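Remember, predicted model here, so these are calculated numbers, not experimental data. The first residue of the sequence shown is numbered 1, and numbering continues consecutively from there.
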Amino acid sequence: MVRHYEGLGLLPRVARTDSGYRQYGEADVHTLRFIKRARDLGFSMEEIGELVGLWQNRRRASANVRRIAQKHAEELAQRIAHMQEMQRTLQHLIHCCHGDERPECPILDELAR
């Protein structure tokens, strides 16, 4: 993943030892932790790129950071609502299915619609 982050420009290319091992400094490790936390919160790589840029820009406007976070929170809320609706539908279908030896199955009927 670190090479991927370098390729995306989230991390600068780092120095290597004579044997080819990368040598990360404290700032690089801090940036990796930042990226990991942003990924844990579900931000896209594009959003993480924007956030890293804003984080590193001490003259940033916090309104820009808030806009990205607010948009992401709204997208999460939509996805959660959609998943909850899927769950309710499945629970209803499961309730309607006899689950016995009969061939009739409302779950399959719904999927075939």
Side-chain angles (χ1 to χ4, degrees):
M1 286 305 296
V2 174
R3 278 183 273 172
H4 179 65
Y5 298 153
E6 287 176 354
L8 292 174
L10 298 176
L11 279 175
R13 299 241 181 252
V14 296
R16 291 182 177 260
T17 64
D18 291 337
S19 57
Y21 291 102
R22 290 181 173 84
Q23 292 182 309
Y24 294 101
E26 189 175 327
D28 300 317
V29 172
H30 198 63
T31 301
L32 283 169
R33 285 190 185 121
F34 182 97
I35 293 168
K36 167 87 168 77
R37 182 70 177 130
R39 286 190 57 149
D40 289 346
L41 290 172
F43 284 101
S44 69
M45 293 310 293
E46 182 180 331
E47 291 167 330
I48 292 171
E50 289 182 68
L51 290 169
V52 167
L54 289 165
W55 177 54
Q56 293 172 342
N57 177 2
R58 297 294 176 199
R59 299 180 68 198
R60 68 184 169 260
S62 64
N64 294 332
V65 179
R66 182 185 171 101
R67 175 186 47 79
I68 295 167
Q70 183 66 45
K71 180 178 174 252
H72 182 59
E74 290 167 3
E75 290 169 353
L76 285 173
Q78 288 174 352
R79 289 182 8 213
I80 290 167
H82 181 70
M83 291 180 81
Q84 287 174 331
E85 179 59 31
M86 290 181 347
Q87 183 183 36
R88 281 190 295 275
T89 299
L90 283 170
Q91 286 173 337
H92 173 73
L93 291 170
I94 291 165
H95 176 74
C96 292
C97 181
H98 295 290
D100 56 17
E101 299 302 319
R102 291 181 271 185
E104 296 83 17
C105 180
I107 298 168
L108 294 176
D109 292 344
E110 177 65 24
L111 292 174
R113 284 190 341 155

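- Across every non-hydrogen atom of Cys97 and Cys105, the tightest pair is SG-SG, 3.8 Å.
- Here the closest non-hydrogen pair linking Leu54 and Arg60 is O-CD, 2.9 Å.
- If you chain together hydrophobic residues whose side chains sit under 4.5 Å apart, Tyr21 and Val29 never meet in one group.
- Taken to the nearest 0.5 Å, the CZ atom of Arg13 stands 10.5 Å off from the CZ atom of Arg3.
- Residues Leu51 and Leu76 do not share a hydrophobic cluster, clusters being chains of Ile/Leu/Val/Met/Phe/Trp/Tyr side chains in contact below 4.5 Å.
- Closest approach of Pro12 and Asp28 over heavy atoms only: CG-OD1, 3.9 Å.
- Taking CG from Leu41 and NZ from Lys36, the interatomic distance works out to 10.0 Å, rounded to the nearest 0.5 Å.
- The neighbour count for Met1 CE, taken as heavy atoms of other residues, nucleotides or ligands under 6.0 Å away, is above 12.
- Residues Ile48 and Ala38 share a closest heavy-atom pair of CG1-CB, 3.6 Å.
- Taking CG of Leu108 as the start and CG of Leu93 as the end, the distance is 10.0 Å to the nearest 0.5 Å.
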Exercise for the section: For the pair His92 and Glu110, evaluate side-chain contact (heavy atoms from CB on, under 4.5 Å) and give the outcome as yes or no after the intermediate values. Expected result: CA-CA 11 Å; His92 173 73; Glu110 177 65 24; over 6 Å; no
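- There is a side-chain donor-acceptor pair under 3.5 Å between Glu74 and Gln70.
- Considering SG of Cys96 and CD of Glu104, their distance stands at 13.5 Å, rounded to 0.5 Å.
- Expressed to the nearest 0.5 Å, how far CD of Glu26 lies from OG1 of Thr31 amounts to 10.5 Å.
- The distance from the CD1 atom of Ile35 to the CG atom of Asp40 is 12.0 Å, given to the nearest 0.5 Å.
- The residues Arg79 and Glu75 are annotated as not salt-bridged, no charged nitrogen and carboxylate oxygen being separated by less than 4.0 angstrom.
- Around CD of Glu46, the count of heavy atoms belonging to other residues, nucleotides or ligands within 6.0 Å does not exceed 12.
- Electrostatic pairing of Asp109 and Arg113 does not count as a salt bridge here, judged by no charged N lying under 4.0 Å from a carboxylate O.
- Between Trp55 and Phe34, the two ring planes are parallel [angle under 30°; tilted spans 30° to 60°].
- His72 places no side-chain N or O within 3.5 Å of a backbone atom of Glu47 that could act as its donor or acceptor partner.
- Heavy-atom contacts from other residues, nucleotides or ligands closer than 6.0 Å to CD of Gln91 number more than 12.
- Surrounding CG of Asp18 are at most 12 heavy atoms belonging to other residues, nucleotides or ligands under 6.0 Å away.
- Contact check on Glu85 versus Arg88 returns a salt bridge, with a Lys/Arg side-chain nitrogen under 4.0 Å from an Asp/Glu carboxylate oxygen.
- No more than 12 heavy atoms of other residues, nucleotides or ligands sit less than 6.0 Å from atom CZ of Arg66.
- Counting all heavy atoms, side chain and backbone alike, Leu10 lies closest to Gly49 at CD2-CA, 3.2 Å.
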